[in-house]
K.L.:
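One structure coming up, written as structure tokens, with questions to follow.
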2 protein chains.
Amino acid sequence: MRLKDDNKKERIRNKAIEMIVHHGFDGLSMQKLAKAAGVSPATIYIHYKDRDDLIVTISLEIANRLFESSLLNFSPDMNFEEGMRLQWKNRANFFIAHPMDMLFIEQVRYSPVYEKVREMLGQNFKEIMGRFVNKAIANSQLVPLPFEVYWSVAFAPLYQLIKFHTQGKSYTGKNFTLDEAMMEQTLQLVLKALKP
Amino acid sequence: MRLKDDNKKERIRNKAIEMIVHHGFDGLSMQKLAKAAGVSPATIYIHYKDRDDLIVTISLEIANRLFESSLLNFSPDMNFEEGMRLQWKNRANFFIAHPMDMLFIEQVRYSPVYEKVREMLGQNFKEIMGRFVNKAIANSQLVPLPFEVYWSVAFAPLYQLIKFHTQGKSYTGKNFTLDEAMMEQTLQLVLKALKP
DNA sequence: TTTATAAAAGAATGAATATTCATTTATATT
DNA sequence: AATATAAATGAATATTCATTCTTTTATAAA
């Protein structure tokens, strides 16, 4: 029997991401996607149940790949500063290597689609980060705070900076490029905030 | 002659925001919107040039109202901590008073629509905040840093927390409510990061 | 080589889409 | 009260939409 052509599926996937990044969710039509990917509309439905499944599946793939990347060489038993620096490095590496994925997943995260994505995400990641935070607090390497406050202070600035970088401009429209030094400076500020 | 019924326009506006917040940009159709607002499809086109203009115009309205709110009683000559606290308070008040506007504008901010919105935004706000930051650095009340780093550290955590709050859950799905004390705690962390 | 099987294609379907048109309606001005 | 004017309507338009149907094609297993 004939096997599924993964290259074909990848083309569909990549073009879908591209279309959504450039034209939003309402810029994605199955026919335009088929044309852009060089396949028949019907072929999309061999790989994805329907339009919604396409979006959710791709979102999950990227989210899981991001989590996986962020956990590279990471352990919840790490020293707090060391762990934070590694998380920052891993996330930054992923986003800068895959700018389209970054813009796509951020768009998803702020759209109603994320509701569906959230409940299908693995639990691993939250557990590991939860342990990391609790341990750091117990060891007096991190000021005691609710997980959501930690998350907001620890990572929201990084995401914001990387978004500016990926878009090539800050929210005022000014051209912007994030370099190693600026990222390190920002991490230092965040660590200053979080360390007792 | 007959006058434009502002109540009608407001109904269109509010239902559009509601539909986009709940079902995303691809959940907004002009016919559904007309039905939800209790008007004829044609009536929408009396108030907005087309679908795109509707979305961009509403986005601009909300963005400008947010800026205005954030500048209530604010002056770039303020002491840094005082100014930061006021910005946090003003923004939080606006978002918590208008949760739908918050979810709408955040969705816009992460979508390609924002490109169009950005270039139509007034310059006032950036100028005032730019002066505030420069002055604070000159007075050694704020550590020297690029505006984008300041912005990311100073406000991204607030936006993240308010988003958790407005959605009623954190990104892990856990129920979440932001209270005064938690906001103050987070502001303290951010100030610790930013003060020399 | 043949056969069985599922992938892939392209055309077709009906529903939904944004927008407009001809008509009616409300009201400010005269 | 009459008139002029623009708001508002509902039906209509052509287009685009997601999805499926039938047919063809590639290939793994026999």
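Note on naming: letters A, B, ... go to the chains in the order of the sequence lines (proteins, then strands), and numbering restarts at 1 for each one. This is a predicted model, so every value here is computed, not measured.
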K.L.:
For B/Ile55 and C/dT17, what is the distance between atoms CD1 and P respectively, to the nearest whole Å?
P.N.:
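For the pair B/Ile55 CD1 and C/dT17 P, the rounded distance is 14 Å.
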
K.L.:
Are any of A/Lys8's side-chain N or O atoms less than 4.0 Å away from OP1 or OP2 of C/dA9?
P.N.:
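Answer is yes, contact under 4.0 Å.
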
K.L.:
Mind calculating the distance between CD1 (A/Ile12) and P (C/dA7) to the nearest angstrom?
P.N.:
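The distance from CD1 of A/Ile12 to P of C/dA7 comes to 12 Å, rounded to the nearest Å.
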
K.L.:
Which is true for A/Leu54 with a 4.0 Å heavy-atom rule: it touches a base, it touches only sugar-phosphate, or it touches nothing?
P.N.:
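If one applies the 4.0 Å heavy-atom cut-off, A/Leu54 turns out to touch nothing in the nucleic acid.
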
K.L.:
Evaluate the ring planes of B/Phe95 and B/Tyr159, with Trp represented by its six-membered ring, and classify them as parallel (under 30°), tilted (30 to 60°) or perpendicular (over 60°).
P.N.:
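Taking B/Tyr159 first and then B/Phe95, their aromatic rings stand perpendicular (interplane angle over 60°).
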
K.L.:
Once the angle between the rings of B/Trp151 and B/Phe125 is folded into 0 to 90°, is it parallel (under 30°), tilted (30 to 60°) or perpendicular (over 60°)?
P.N.:
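Rings of B/Trp151 and B/Phe125: perpendicular, over 60°.
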
K.L.:
Between C/dT17, C/dA9, D/dA8, which nucleotide has the shortest distance from any of its atoms to the side chain of B/Ser29?
P.N.:
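Out of C/dT17, C/dA9, D/dA8, the nucleotide with an atom closest to B/Ser29's side chain is C/dT17.
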
K.L.:
Specify the separation, in whole Å, of atom CD1 of B/Ile46 and atom C1' of C/dT23.
P.N.:
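These atoms are roughly 13 Å apart.
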
K.L.:
If you only use heavy atoms from C-beta on, which nucleotide in D/dA18, C/dA8, D/dT9 is closest to the side chain of A/Tyr45?
P.N.:
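The listed nucleotide nearest to A/Tyr45's side chain is D/dA18.
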
K.L.:
Just to confirm, is there a sub-4.0 Å distance from OP1 or OP2 of C/dT17 to any side-chain nitrogen or oxygen of B/Lys32?
P.N.:
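Result: yes.
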
K.L.:
Where the side chain of A/Thr43 is defined as all heavy atoms beyond and including C-beta, which of D/dT19, C/dA9, C/dA18 is the nearest nucleotide?
P.N.:
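So the side chain of A/Thr43 is nearest to C/dA9.
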
K.L.:
Whole Å only: how far is the CD atom of B/Gln31 from the P atom of C/dT20?
P.N.:
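About 13 Å, once rounded to whole Å.
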
K.L.:
Tell me which nucleotide among D/dA7, D/dT19, C/dA9 gets nearest to the side chain of A/Arg51.
P.N.:
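That would be D/dT19.
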
K.L.:
Do you know the tightest heavy-atom contact between A/Thr166 and A/Pro99?
P.N.:
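Nearest pair, atom of A/Thr166 first, then A/Pro99: CG2-CB, 3.6 Å.
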
K.L.:
Side chain of B/Ser40 only, please: which of D/dT19, C/dA8, D/dG10 is the nearest?
P.N.:
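In terms of side-chain proximity for B/Ser40, the closest of D/dT19, C/dA8, D/dG10 is D/dG10.
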
K.L.:
Using a strict 4.0 Å threshold on nitrogen-to-oxygen distance, state whether A/Glu115 and A/Arg118 make a salt bridge.
P.N.:
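Yes.
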
K.L.:
So, is A/His47 close to the C/dA7 phosphate, meaning a side-chain N or O under 4.0 Å from OP1 or OP2?
P.N.:
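For A/His47, the contact criterion (side-chain N or O under 4.0 Å from OP1 or OP2 of C/dA7) is not met.
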
K.L.:
Find which nucleotide of DNA chain D each of A/Asp26 and A/Lys49 is nearest to by heavy atoms, and output the residue with the more 5' nucleotide.
P.N.:
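Going by which nucleotide is closer to the 5' end, it is A/Asp26.
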
K.L.:
Taking atom C1' of C/dA7 as reference, at what distance in whole Å does atom CD1 of A/Ile44 sit?
P.N.:
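About 14 Å, once rounded to whole Å.
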
K.L.:
Please report the distance, rounded to the nearest Å, between CE in B/Met30 and C1' in C/dT20.
P.N.:
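Interatomic distance, CE of B/Met30 to C1' of C/dT20: 12 Å.
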
K.L.:
To the nearest angstrom, how far is B/Leu33 atom CG from C/dA16 atom C1'?
P.N.:
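Roughly 15 Å, once rounded to whole Å.
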
K.L.:
Could you give the NZ-to-P distance, from B/Lys9 to D/dA8, as a whole number of Å?
P.N.:
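It is 11 Å, rounded to the nearest whole Å.
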
K.L.:
Between D/dT9, D/dT20, C/dT17, which nucleotide gets closest to the side-chain atoms of A/Ala42?
P.N.:
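The nucleotide sitting nearest to the side chain is D/dT20.
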
K.L.:
Hey, can you tell me if A/Phe147 and B/Tyr171 have their rings parallel, tilted or perpendicular (30° and 60° cut-offs)?
P.N.:
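Ring orientation of A/Phe147 relative to B/Tyr171: parallel.
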
